[in-house]
Engineer: 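Handing you a structure now.
Count residues from 1 along the sequence.
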Amino acid sequence: MKRLLAAIFIICFSLVPSYGGESEEWDYVAPNNYVYKDGIMGLENMYGFSFMLKSYNKGQYEPINGKDVEYTLGQYEINCLRHTYKIGVLDSYDSKDNFVNGDYNRYAQFQPIVSGTAIDAMALKLCKFSQ
């Protein structure tokens with residue numbers, strides 16, 4: 001089941017152009033981080049949002065199976081009331097937009113949003129009340 005969901009996610013991402021910050025479809029969030037603005041969705045089960053975040057490697061991603069990681073695409077959920085987030089899917093790509101590795105975490109738990117991060121910037125942008 002995990003492989004099937006990962007394959008579906010890969011197919012969905014292959015339909016999304018990978019232009020990074022240069023595209024009108026990806027909005028700047030924080031240094032080296034961009035959100036796919038047309039993919040932001042409200043959550044039905046809580047006051048929160050789901051979105052895709054493209055994060056360029058700033059030296060924190062080590063090579064996977066001998067391949068360098070240029071950026072990751074992650075599917076995040078934010079709970080606005082609790083100021084928490086979780087990552088459901090995180091896929092890695094090389095400099096030629098080739099898929100390197102994927103991780104689907106159906107057991108992901110919400111954790112506190114760290115101040116000053118790209119996720120914090122998204123929460124401030126999406127959640128319409130003071131934190």
Engineer: Starting from Tyr56, can I reach Tyr61 by hopping between I/L/V/M/F/W/Y residues whose side chains sit under 4.5 Å apart?
Structural biologist: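 No; Tyr56 is not reachable from Tyr61 via cluster members.
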Engineer: Do Gln111 side-chain atoms and Gln109 backbone N/O form a donor-acceptor pair below 3.5 Å?
Structural biologist: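 No.
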Engineer: Leu81 and Leu126: same hydrophobic cluster, using ILVMFWY side-chain contacts below 4.5 Å?
Structural biologist: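 Hydrophobic grouping puts Leu81 with Leu126.
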Engineer: I'd like to check Thr72 versus Asp91 (side-chain heavy atoms, cut-off strictly below 4.5 Å). Are they in contact?
Structural biologist: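 The answer is no, as the side chains (C-beta and beyond) never meet within the 4.5 Å cut-off.
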Engineer: Between Gln75 and Ser50, do the side chains contain a donor N or O and an acceptor N or O under 3.5 Å apart?
Structural biologist: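 There is such a pair between these side chains.
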Engineer: Looking only at non-hydrogen atoms, find the nearest pair between Ala123 and Ile113 and report the distance.
Structural biologist: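 So the minimum-distance heavy-atom pair works out to CB-CD1, 3.9 Å.
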Engineer: Would you say Ile119 and Tyr76 make side-chain contact, with heavy atoms under 4.5 Å?
Structural biologist: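 The answer is yes, as the side chains (C-beta and beyond) meet within the 4.5 Å cut-off.
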Engineer: Count I, L, V, M, F, W, Y as connected when their side-chain heavy atoms are under 4.5 Å apart, and connections chain through other members. Are Phe110 and Ile87 then in the same cluster?
Structural biologist: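 Not linked; separate clusters.
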Engineer: Quick one: pull up SG in Cys80 and CG in Leu124 and give me the separation to the nearest 0.5 Å.
Structural biologist: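 Output value for this atom pair is 10.0 Å.
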Engineer: Identify whether NZ of Lys or CZ of Arg in Lys54 sits under 6.0 Å from the centre of the six-membered ring of Tyr71 and within 45° of that ring's axis.
Structural biologist: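 Cation-pi check for Lys54 and Tyr71: passes.
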Engineer: Where do His83 and Asp120 land on the side-chain contact (heavy atoms from CB on, under 4.5 Å) test, with the steps shown first?
Structural biologist: CA-CA 9 Å; His83 199 64; Asp120 185 42; 3.6 Å; yes
Engineer: Under 4.5 Å between any side-chain heavy atoms of Met52 and Tyr34, yes or no?
Structural biologist: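 No, their side chains stay 4.5 Å or more apart.
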Engineer: Examine Met122 and Met41 and state if one hydrophobic cluster contains both, with Ile, Leu, Val, Met, Phe, Trp and Tyr joined whenever side-chain heavy atoms are less than 4.5 Å apart.
Structural biologist: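 No.
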Engineer: Dump the intermediate steps for side-chain contact (heavy atoms from CB on, under 4.5 Å) on Tyr93 and Leu73, then the final yes or no.
Structural biologist: CA-CA 8 Å; Tyr93 294 84; Leu73 288 176; 3.7 Å; yes
Engineer: Just by distance, with hydrogens left out, do Ser55 and Asn33 show a side-chain donor and acceptor under 3.5 Å apart?
Structural biologist: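 The criterion, which ignores hydrogens and geometry beyond distance, is satisfied for Asn33 and Ser55.
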Engineer: Give, for atom CD of Glu70 and atom CG of Asn57, the distance between the pair rounded to the nearest 0.5 Å.
Structural biologist: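 Answer rounded to 0.5 Å: 7.0 Å.
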Engineer: Taking side chain as C-beta onward, heavy atoms only, is Asn79 less than 4.5 Å from Tyr85?
Structural biologist: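 Not touching, per the 4.5 Å side-chain cut-off.
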Engineer: Please report the closest heavy-atom contact between Leu90 and Gly74, naming both atoms and the distance.
Structural biologist: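 What the structure gives for the nearest pair is CD1-CA, 3.8 Å.
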Engineer: Is it true that Tyr36 and Tyr28 fall in one hydrophobic cluster, defined by side-chain heavy atoms closer than 4.5 Å?
Structural biologist: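 Yes; tracing contacts between hydrophobic side chains, which count when under 4.5 Å, links both residues.
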Engineer: Hey, could you give me the CG/CG distance between Asp27 and Asp38, rounded to the nearest 0.5 Å?
Structural biologist: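 One gets 9.0 Å once the value is rounded to the nearest 0.5 Å.
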Engineer: Going by heavy atoms in the side chains, are Ile40 and Val35 under 4.5 Å from each other?
Structural biologist: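 Yes. Closest side-chain heavy atoms under 4.5 Å.
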Engineer: NZ of Lys86: more than 12 outside heavy atoms within 6.0 angstrom?
Structural biologist: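 Counting other residues, nucleotides and ligands, NZ of Lys86 exceeds 12 neighbours.
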Engineer: Would you say the side chain of Asp94 lies within less than 4.5 Å of the side chain of Phe99, judging by non-hydrogen atoms?
Structural biologist: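 A side-chain contact under 4.5 Å is absent here.
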Engineer: Report yes if the side chains of Ile78 and Phe51 come closer than 4.5 Å at any heavy-atom pair, otherwise no.
Structural biologist: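 Result yes, sub-4.5 Å side-chain heavy-atom pair found.
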